[in-house]
Protein chains: 2
Amino acid sequence: MVTMRDVAERANVSIATVSFVINGTKRVAPETRARIEAAIRELGYRRNVVARALASSRTRILALLHPYLEARPIATANQFLMSAAHGARERGYDLVLWPVNDDEQMSHLLAGGLVDGALLMEVQLRDPRVDRLIASGLPFALIGRTEDEDLPFVDMDFTTTIDQAVGHLRSFGHRRIALVTLRMRVSTGNEPGWIMRVKSAYLAAMAAAGEPPTVITVEGTSAGGRKAARRLSADFPQVTGVVVVNEGASAGLVKESRALGRSVPDDLSIISAATTAELGEMIEPSLTVMTAPATELGRLGVNALIDQLEGVPDAPPNILIPCTLVSGQSVGPAPA
Amino acid sequence: MVTMRDVAERANVSIATVSFVINGTKRVAPETRARIEAAIRELGYRRNVVARALASSRTRILALLHPYLEARPIATANQFLMSAAHGARERGYDLVLWPVNDDEQMSHLLAGGLVDGALLMEVQLRDPRVDRLIASGLPFALIGRTEDEDLPFVDMDFTTTIDQAVGHLRSFGHRRIALVTLRMRVSTGNEPGWIMRVKSAYLAAMAAAGEPPTVITVEGTSAGGRKAARRLSADFPQVTGVVVVNEGASAGLVKESRALGRSVPDDLSIISAATTAELGEMIEPSLTVMTAPATELGRLGVNALIDQLEGVPDAPPNILIPCTLVSGQSVGPAPA
DNA sequence: CTGAAAGCGCTTACAG
DNA sequence: CTGAAAGCGCTTACAG
């Protein structure tokens with residue numbers, strides 16, 4: 001292994017000077033710099049990240065924490081990861097996906113000193129991970145919001161998204177519009193904050209429209225989606241439009257509705273929000289979707305975190321971004 | 001931050017002794033150990049992972065490298081990640097997903113000293129990453145195989161999988177059976193090794209059956225799947241059975257076949273291999289799938305890597321695991 | 001069974 | 001503009 005010492009010897013300087021040119025932390029005479037850079041090239045030197053981390057007490061590694069990786073489809077989560085990783089790299093950081101499933105693993109990660117900061121996805125209304133994060137003193141940013149919104153976050157703009165989804169259906173003449181969203185098998189408060197926010201936005205939109213609301217929550221699986229279809233058909237036959245905010249259940253909902261003899265979109269119009277266009281295309285008929293702003297959120301989230309780490313003075317305020325409508329074949333005129 | 005020194009002082013021992021009890025690396029008198037453990041508890045001490053890494057030149061961090069995260073659906077990749085992460089943790093390691101997209105990032109990762117080893121997914125026949133890995137001296141294990149199979153790997157057993165898929169279709173009376181697999185936009189040799197292996201296995205199976213082969217390669221998207229359906233319908237109308245090994249294209253293939261007036265499975269039977277059951281359920285009709293052994297491969301891969309790191313003498317030989325058939329509604333008797 | 005000390009490969013005041 | 005040196009928080013021969 002070639003170390004900074006090797007480079008220093010070859011360039012006839014001290015290791016401090018080598019460090020200065022590598023990091024650009026101090027002015028170095030051009031000729032000296034050139035000699036050092038040549039030595040680095042010739043030796044193929046690469047700075048040891050671990051030693052640097054110990055000496056500077058900064059690792060420049062950021063952890064992305066996502067709790068539900070095994071449980072549900074996560075088409076958007078990968079977009080988020082890649083976007084955040086790119087953003088991190090541009091600013092000299094590595095962002096890695098760190099599987100963390102329990103308290104012990106969380107402690108290990110937080111106390112180990114291996115990451116400079118954390119990006120939390122699927123934030124819950126009352127999120128014990130956030131408490132730990134705060135207690136540990138590790139800088140973090142949230143993708144999503146807790147109950148109180150005084151922590152640094154970026155998030156989807158659910159109000160705008162739901163308004164647009166409902167508005168889109170209403171523009172096709174639909175009046176009875178249901179919401180199908182996610183049910184978690186966790187205690188109240190431990191569910192992702194977006195579920196509550198989606199419901200609120202939906203209820204507000206229906207109130208504004210003067211129509212009665214219908215909320216159905218099911219698991220984020222095809223089986224969950226089928227269950228939702230049966231409930232809609234059996235208990236709410238008047239409903240002609242559905243807003244789904246449940247990535248994993250959308251396919252099952254469409255399939256089972258059709259199996260029950262309800263044509264999509266002739267009998268039932270469906271719009272799936274907070275998902276990807278590619279996922280919508282997998283379904284028959286291709287879903288009208290509202291694509292999640294995963295790429296934008298990834299960048300914003302990681303930048304918010306790094307701003308914080310680097311003490312950027314005018315860190316931007318918390319930001320909300322709505323989903324984007326992509327028309328498919330699952331929305332049509334309300335049946336007469 | 002509470003350090004080992006703090007613990008040592010409180011327990012009236014040297015930091016060496018603290019280190020010994022934390023790591024269990026040396027016999028320590030029971031009373032001393034108890035005193036130290038009490039001090040650790042009382043101070044809430046957690047070992048600094050970075051310092052440990054520098055001192056021991058081991059970080060106990062493993063990187064999972066996956067090149068195509070942005071490009072294609074990766075339902076199985078997450079299963080793999082979670083399984084490997086669990087396996088790593090049981091042996092005292094952390095396994096993280098490290099987004100690496102180019103040479104520079106690869107060098108950074110390999111030379112930085114931050115990871116003890118790497119697990120490579122989507123291995124190509126001639127994989128430049130493998131060359132770099134070898135050159136860097138970093139231990140690694142492959143999920144998949146390069147052209148020459150002399151490197152440590154675990155992989156799917158494509159021969160058995162394809163034999164079973166073809167056999168399953170033939171047991172329903174199908175004779176003309178096509179293969180739909182993945183086309184990469186990369187130069188030959190740089191494509192994932194499994195593509196070639198799947199083709200070979202398929203060709204061998206058809207030869208054994210005495211039937212002419214039909215191979216169609218398309219992108220791993222819904223659009224790619226639709227294209228495959230059109231080609232099948234237009235150019236190979238005699239084909240009544242299809243084996244798909246292209247996770248992202250399976251939905252499009254089914255959709256477009258039906259749109260072309262070909263019922264699944266009445267006119268066309270489809271079996272999708274190397275995917276997940278949940279993905280199969282999203283499609284109408286639910287696909288008969290062969291689920292990828294992602295969980296097993298994750299464990300085996302990470303164990304092979306750790307065995308190597310720890311110099312386990314009888315490291316198991318390379319292992320191949322076939323997919324598992326899960327019947328859906330997409331396979332039926334061949335049309336008369 | 002325990003400790004003193006060197007060392008892992010860097011960064012960073014401090015001095016010149 | 002450059003260098004000598006302390007220090008980051010551990011591990012690990014070595015000695016006793």
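Just so we're on the same page: letters track the sequence lines, and every chain starts at 1. What you see is a predicted model; the values in this text were computed from it and never measured.
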Exercise. Which value, rounded to the nearest 0.5 Å, describes the distance between B:Phe20 atom CZ and B:Thr32 atom OG1?
Worked result: 12.5 Å

Exercise. First and last nucleotide of DNA chain C touching chain B, 5' to 3', heavy-atom cut-off 4.0 Å?
Worked result: C:dC1 to C:dG9

Problem set entry | side chain to side chain donor-acceptor pair (under 3.5 Å) against A:Asp102, all qualifying residues, sequence neighbours excluded | A:Gln105

Exercise. Heavy atom of residues 20-36 of chain B under 4.0 Å from DNA chain C: which residues?
Worked result: B:Lys26, B:Arg27, B:Val28, B:Ala29, B:Thr32

Exercise. If you measure from OG1 on B:Thr17 to CG on B:Asn12, what distance do you get to the nearest 0.5 Å?
Worked result: 11.5 Å

Below 3.5 Å, can you tabulate the donor-acceptor pairs from side chains in residues 34-45 of chain B to any protein atom, sequence neighbours excluded?
residue : atom : partner : partner atom : Å
B:Arg35 : NE   : B:Ala11 : O            : 2.9
B:Arg35 : NH2  : B:Ala11 : O            : 3.1
B:Glu42 : OE1  : B:Arg10 : NH1          : 2.0

For this session: State whether A:Arg46 and B:Glu104 are salt-bridged, where the test is any N-O pair (Lys NZ or Arg NE/NH1/NH2 against Asp/Glu carboxylate O) under 4.0 Å.
Result: yes

Exercise. Where the side chain of A:Asn318 meets the backbone of A:Phe153, is there a donor-acceptor pair that is under 3.5 Å apart?
Worked result: yes

For this session: Would you indicate what A:Val13 reaches in the nucleic acid, counting non-hydrogen atoms under 4.0 angstrom: base, sugar-phosphate, or nothing?
Result: sugar-phosphate

Problem set entry | Helical stems, DNA chain C - three or more consecutive Watson-Crick or G-U wobble pairs below 3.5 Å | C:1-3 with D:14-16, C:5-12 with D:5-12, C:14-16 with D:1-3

Problem set entry | Rounded distance [0.5 Å steps], CG in A:Leu109 versus CG in A:Leu65 | 6.0 Å

Seminar exercise, completed: Rounding to 0.5 Å, atoms CG (A:Asp94) and CZ (A:Arg89) come to a distance of 5.5 Å

For this session: With the side chain counted from C-beta on, respond yes when A:Leu119 and A:Val302 share a heavy-atom pair under 4.5 Å apart, and no when they do not.
Result: yes

Exercise. If you measure only the distance, is there a donor-acceptor pair under 3.5 Å linking the side chains of B:Arg52 and B:Asn23?
Worked result: yes

For this session: Kindly state which residues belonging to residues 54-62 of chain B come within less than 4.0 angstrom of DNA chain D, counting heavy atoms of the residue only, listed by number.
Result: B:Ala55, B:Ser56

For this session: Answer with base, sugar-phosphate or nothing: what part of the nucleic acid does B:Val50 contact at a heavy-atom distance below 4.0 Å?
Result: nothing

Exercise. Any salt bridge between A:Arg129 and A:Glu122, counting N to O under 4.0 Å?
Worked result: no

Exercise. Nearest 0.5 Å, what's the CD1-CZ distance between A:Ile15 and A:Arg5?
Worked result: 5.0 Å

For this session: Could you tell me the separation between the CG atom of A:Asp155 and the CD1 atom of A:Ile143, rounded to the nearest 0.5 Å?
Result: 8.5 Å

